[in-house]
Amino acid sequence: MWKSLCIVKIDSLTETVRQKCDGCTVEHGFPHQPSALAFDPKLQLMAIGTKSGAIKVYGVPGVEFTGLHKDTTAVTQIHFLPGQVNSGVCLQEVSSYTLPGRPGIESCSATRVTVLHLLRSCDLLCIGTEGGGVYFLELPLLSLKDDDDFCSASLPDDYRCGKSLGPVESIQEHPQQPGKILIGYSRGLVILWAPSTRQAEQLFLGKQQLESLVWERSGNLFVSSHNDGGYCVWTVTSGNGCSAHSVFCSSSPVLLYSGGMPRASYGDRHCLTVQQDKTHVTLDFTSRVIDFFTVHNIEQEKEFDEASALVVLLEEELVVIDLQTPGWPTLPTPYLAPLHSSAITCSFHISSVPPKLWERLVNAGKTWPICGGKNLAPPSKQHELLLTGHEDGTVRFWDASGVALTPIYKLSTANVFHTDCDPCDDPPDPSDDPDMQQEEEWPPFRKVGCFDPYSDDPRLGIQKISLCKYSNKLVVAGTAGQVIVLGLNEERSDHSVEVSVVDLLQDREGFTWKGHDRLEPRLKPAPFPPGFQPQALVQCLPPASVTAVALHAEWNLISFGTSHGFGLFDYHKRNAVLARCTLHPNDSLAMEGPLSRVKSLKKSLRQSFRRIRKSRVSGKKRTITTPTSKVQEANAALAEQEDVAPVQRRIEPRSADDSLSGVVRCLCFADTFLRDGTHHGPTLWAGTNSGSVYAYALEVPGVGSGRASERGGAGDGSACVEALLGKEIQLMHRAPVVSICVLDGRGKPLPDPYEASQDLAIAPDMTNAHSVLIASEEQLKVFSLPKVSAKTKFKLTAHEGCRVRKVAVVLFLSTAQEDYSEHTLVCLTNLGDLHLFNVPGLRPQVRYSCIRKEDISGIASCVFTKNGQGFYLISPSEYERFSLSAKVLTAPLCSVQLDRVLDFYSKFHPWPKQTLCSRVSFSDGTTLQANGTHKNQMGQAEGMCTHTHTHTHTHTHTLSPCLLFRVFTLFSLRTS
């Protein structure tokens, strides 16, 4: 493993390329595997490097610059070059340099770079190596100033031989005397060296292995930290003497250091200690500390630093401590929030959130200390919410309206149940509280951060979410068959939750559940904070994971499905309306649950081999034919070519007794024509893993043709909802049903609940015949209603050789005409491609390459918005955002103001001097974006439309000028 020095640059677009770059993305969340941190106190910008070679620069919320090195190389150090501006738009390696070895040392590790330090003059870069050598490179050419290591040569003879110095651990420039540097070696020696005289002015010898150095503001003191957990404060004198101190001499200093804990007792803790006078706090984190810095005053005439905030980069999150508020509380982060504080299990997006709901969710936060740059993006015309369900039973609400994904609300469902880690209901004894005992002990630990990957009970995991933005009703469903209906309440409440049990097996014999037990609900009233509070709890039996939910708040109905069947529940009357078992007699796997799959795996393998053997036998039978049969086959082939497309793959029908064939994949409520063509009414649609579709006609009191559309009034009386099976459809190849959508007489999807009744959307066409769009893994098909006869279809698997994973009907707005829009069907396949079809004709329009086909978790986590955007996980902690719409695009649009413009790298790239530009384009017509680092972005569309191909790797074309930040990075490279 070698380390090499590179100069790279990160640039920004000053305007979004809206017409040409349809696939521009922005990454939300916390960078995966961070490895380096830097802060520019003048520009107020923070840079984070990752092990994958990505560098991300952040300022005020909305200001983001991102780039990716062309090789997968870990960034180990980052340094800003203050005041440098030029042009470009991507992370680009400008120059590199390989250091020579020290004389007499043949080991190749001697020239491995261990530390970088940029002098304030910006003309010299100090480099420390593992062999103890210190070199100086002239910038910007990266030319070695002197071939010899004069620092080591100026030392006494006792320190010059071999590796007695050890690696260079730290290089720090004198804060008051530019040019003088403090060099610390691993064995404990520290020298104050003057490059002008090439002499060591002072020597400081520590007794323990050195870890780091830091100057005090006046330059009279510096602090050294050591591997035994201690630190020393050294006085820099004008003479030759020096002394070590254990405390500061200045008034009320703030001392911060990471580590320093006794390994025997606290070796597993990740700590950072803050001390000021008698105040002593040890911040206890749940992940490793990468680096930290303080936001403080940088004016030279000021006597004190006056630190306002402490920013700590951890392995799994970013923590900011307010140093100006007593108690040093943490500040909420407007971006870089750890999405994976508990593993994400599902997501749900809401567009056009009403202002009333938004105001009740959003709370005003404190000022963010990293305030560099200026966000040029106009305020969002509508609010967007992204809801994520997590393994610990929480649902987190995120503001997804702009570039910064900001946490706004957290809901926990754990207090609805008794878990293994619950305290007893009796009041606890204060003397038995370990936290109270811990406060009296030393050191004074304080838990900080929200990253907690461990769940108290895996059955709490959230699997499905549905939210009605008009009625403020929320439905969350979990791993143990629990379905919770919640309502928004601004006051704290102590109440118990009524439980309704729905048996989906319907007393069917021969089935025994072998999985986990159900969660035990609390019988006594439990406290619930303001926000969404539970109103009803539905427990499915067997307690299998919920695979689908649907909410119709206007009818007060919810529907839920598992691997055993689906049910319908009236949460207004607290009444179970319907329970339908979808199990096949051979569905033994569905009864075993997620924790007992060994026997089922053997059975699945056995069934697979039987199918292969059967197909081989049937294939052999087809090859032994007579001349007459060959003629018949030829005639049949000609007839088939007349009816279907010439290029199609043969699709074998799936067996009816495949395991997990009864899993309910999708549920849908619709007001449509099911019984006849003259009377419409509420319906429920369910699709299963075996290609079965069930359509139920619902009798909802007060709802139907010519009646009021909202329940809950005085006229309802004691009438209950009834469900009657109206249609049952079996797809030919038994492919799993992924989505069901009912279309009105104009071929448009029906509006959401409350939208039509409250004139929030165009009323659906109820005069012409409706149709239903059923998307399976293999094909898309439109059936007419109420006869359920096939109108049109598209065999995606036969044509493209892929399977459908996600489906959504989105609304695309025109950029030319404000009043024109189209509904389009978007399909994400198992190959990571996005296919777009018009509705209801199912004519292919365009195809994009969006996600790598190897990224199975990314494909499974994808969620579409109603306006043509989408999110998917590119790592456990990051969402990638993409847009299919030319009208709706979320991308960084920002700038940074600098005092002066320097053509710092004109010797490498003779770019014309300009201040800002509107877009950056290559001579071949391609454009680049300011964000999107983990993969090549959505490629050129194949089909009717022509779109721009975007890249994230390095180009060497001549670019139009725009704003640029120069950053030094130290990469970890593998060489042969």
*Backbone N or O of D752 within a donor-acceptor pair of the E755 side chain at under 3.5 Å?*
yes
*S342 side chain to D392 main-chain N or O, any donor-acceptor pair under 3.5 Å?*
yes
*Relative to each other, are the rings of F397 and F532 parallel, tilted or perpendicular (30° and 60° limits)?*
parallel
_Looking at S471 and A553, would you say the former's side chain and the latter's main chain have a donor-acceptor pair under 3.5 Å?_
no
*Looking at R881 and E384, does any basic side-chain N land under 4.0 Å from a carboxylate oxygen?*
yes
*asked:* Donor-acceptor check, side chain of Q463 to backbone of A477, threshold 3.5 angstrom: yes or no?
replied: no
*Side-chain donor or acceptor of T345 paired with backbone N/O of I462 under 3.5 Å*: yes
*Using side-chain hydrogen bond (donor to acceptor under 3.5 Å, both in side chains) as the criterion, list what pairs up with Y409, not counting sequence neighbours.*
none
*Mind checking side-chain hydrogen bond (donor to acceptor under 3.5 Å, both in side chains) for S401 and listing every partner two or more places apart, or none if nothing turns up?*
D399
*Side chains of T413 and N415: donor-acceptor distance under 3.5 Å anywhere?*
no
*For the residue pair P61 and T406, establish whether any side-chain heavy-atom pair is separated by less than 4.5 Å.*
no
*Describe, in one word, how the ring planes of F864 and F882 are oriented to each other, choosing from parallel (under 30°), tilted (30 to 60°) and perpendicular (over 60°).*
perpendicular
*Do the two ring centres, one from H340 and one from F451, sit under 6.0 Å apart?*
yes
